[in-house]
Asks: 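Before I ask anything, here is the structure I am working with.
Below, chains carry the letters A, B, ... as their sequence lines are ordered, and counting in each starts from 1.
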Amino acid sequence: MPELPEVETVLRGLEQRALGCRITGVEILNAGVITGQPAHLREHLIGRGIAALRRKGKALAVYLATNGATQGDCLLIRLGMTGQVVVIRRDAPLLPHTHVRMVLNDGPNEIRFRDSRRFGRLRYCTREDLEKVFGSLGPDALDVTEKEFRDALRRRGAIKGWLLNQRMLAGLGNIYADESLFEARIHPQTQADRVSERGARALLRAVRRVLRQAVALQGTSFRDYIDIEGRPGNFLPKLRVYQKTGKPCPRCKAPIRRITVCGRSSHFCPRCQRRTRRPRANTNSR
DNA sequence: GCAAGCCTGACC
DNA sequence: GGTCAGGCTTGC
């Protein structure tokens, strides 16, 4: 599932392979993946250059340029669960679930958007649209400051759901949420506002460490994820608890458990990640 | 029939 | 303001 490291890998791939190119054609094979009017999207993309790329959490903005200058508008890409963006020769066979093709003025290449589950979306965004979309997201998980992180933790509900809530912190999905909680030795059902100061520091450190390592390894290919060149990520062997139900904890050998928290499967070590019951942090203090 | 990420709408 | 359910889709 594409989370922050996978989207970052796609961003870097597009920077290498598509930055500076011009979009000369857009073919929409399935309008269902387009937010807004498909014709509108085509009109705004055709003839435009790719000026820059920017990511917040799992959202990827491809800035468009006219005569080399960015206008602040962009193509917003959200990969959903199974979305893929590849740069590939135009004459390469069209795989199933290919929904959009964007022809580049770069030799024989085009950008393709594939998505079997069709949870992913492409959307044309004005500068204002993008500000709204990015504004609705919490701080990016790799940019968040300790203060922002601690302040955002002051709310009820399980820490697992908090980590998955993109309005709190943008970028984590189920894989890296479970891995980060394991790293920080925090039980997924711990209430966010009852995470100790030490715990909060450990969690932020864990989130950064896990995400940075995953970015360095081009992400995790659990099922569908591939990068711009069609290559899988290399983080899979680094997973310690995600989908390891019954396997020994890499730290203490206790069998990894799977429970449902906030409606989402959560993998954790029942010995390393003890459930703490401490008083709710007093929001009036400080 | 479940699971996933994100959006929408209902409700307090 | 916040929370929560429902819907989308399809491979397993």
Asks: Expressed as a whole number of angstroms, how long is the span from A:K160:NZ to B:dA3:P?
Replies: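 Computing the A:K160:NZ to B:dA3:P distance gives 12 Å.
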Asks: Between A:M81 and A:V133, which has a closest nucleotide on DNA chain B that is more 5'?
Replies: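 That would be A:M81.
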Asks: Of the options C:dG2, C:dG11, B:dC6, whose atoms approach the side-chain atoms of A:R78 most closely?
Replies: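 Among the listed nucleotides, the one closest to the side chain of A:R78 is B:dC6.
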Asks: In this structure, how many angstroms lie between the P atom of B:dC6 and the CE atom of A:M1, rounded?
Replies: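 So the CE-P distance, A:M1 to B:dC6, works out to 12 Å.
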Asks: Could you check whether A:D115 gets within reach of a base, just the sugar-phosphate, or nothing at all, counting any heavy atom under 4.0 Å?
Replies: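 Counting heavy atoms under 4.0 Å across all strands, no contact is made by A:D115.
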Asks: Which of parallel (below 30°), tilted (30 to 60°) and perpendicular (above 60°) describes A:Y176 and A:F235?
Replies: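 Answer is tilted, since the angle falls between 30° and 60°.
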Asks: Looking across every strand, which nucleic acid part, if any, lies under 4.0 Å from A:G32 by heavy atom: base, sugar-phosphate, or nothing?
Replies: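 No contact.
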Asks: Testing the 3.5 Å rule here: is there a donor-acceptor pair between the side chains of A:D227 and A:Q218?
Replies: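 A:Q218 and A:D227 do not have a side-chain donor-acceptor pair below 3.5 Å.
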Asks: Please give, in whole Å, the distance from C:dT10 P to A:L95 CG?
Replies: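 These atoms are roughly 16 Å apart.
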Asks: Does A:H97 place a side-chain N or O at less than 4.0 Å from the phosphate oxygens OP1/OP2 of C:dG11?
Replies: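 For A:H97, the contact criterion (side-chain N or O under 4.0 Å from OP1 or OP2 of C:dG11) is met.
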Asks: Can you tell me how far C1' of B:dC6 sits from CG of A:L4, to the nearest Å?
Replies: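 Rounding to the nearest Å, CG of A:L4 and C1' of B:dC6 are 17 Å apart.
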Asks: Looking across every strand, which nucleic acid part, if any, lies under 4.0 Å from A:R121 by heavy atom: base, sugar-phosphate, or nothing?
Replies: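 It contacts nothing in the nucleic acid.
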Asks: At 4.0 Å (heavy atoms only), tell me whether A:R258 reaches a base, stays on the sugar-phosphate, or touches nothing.
Replies: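 Answer is sugar-phosphate: A:R258 comes under 4.0 Å of backbone atoms only.
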Asks: Do A:D73 and A:R127 have side chains that approach each other closer than 4.5 Å (heavy atoms only, starting at C-beta)?
Replies: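 Not in contact.
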Asks: Considering just the side-chain nitrogens and oxygens of A:R167, establish if one lies under 4.0 Å of OP1 or OP2 belonging to C:dG2.
Replies: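 Result: no.
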Asks: Whole angstrom is fine here: how far is it from CZ in A:F113 over to C1' in C:dT9?
Replies: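 About 13 Å, once rounded to whole Å.
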Asks: Which whole-number value in Å describes the distance from A:R156 CZ to C:dT3 P?
Replies: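 Roughly 10 Å, once rounded to whole Å.
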Asks: Indicate the atoms forming the closest heavy-atom contact of A:I259 with A:P188, along with that distance.
Replies: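 Residues A:I259 and A:P188, closest heavy atoms: CD1-CG, 4.4 Å.
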Asks: Just how far, in rounded Å, is P of C:dC8 from CD1 of A:I34?
Replies: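 Nearest whole value for this atom pair: 19 Å.
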Asks: Tell me whether A:F119 and B:dC6 count as stacked here, given that the ring centres must be under 5.5 Å apart and the planes must differ by less than 30 degrees.
Replies: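 Stack criterion not met.
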Asks: Side chains of A:I159 and A:L203, heavy atoms from C-beta outward: is any pair under 4.5 Å?
Replies: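 A side-chain contact exists here, since the closest heavy-atom pair is under 4.5 Å.
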Asks: With a non-hydrogen cut-off below 4.0 angstrom, is A:S265 in contact with a base, only sugar-phosphate, or nothing?
Replies: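 The residue A:S265 makes sugar-phosphate contact but no base contact.
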Asks: Can you check the A:R117 CZ to C:dT10 P distance for me, whole Å?
Replies: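 Taking atom P of C:dT10 as the reference, CZ of A:R117 is at 9 Å.
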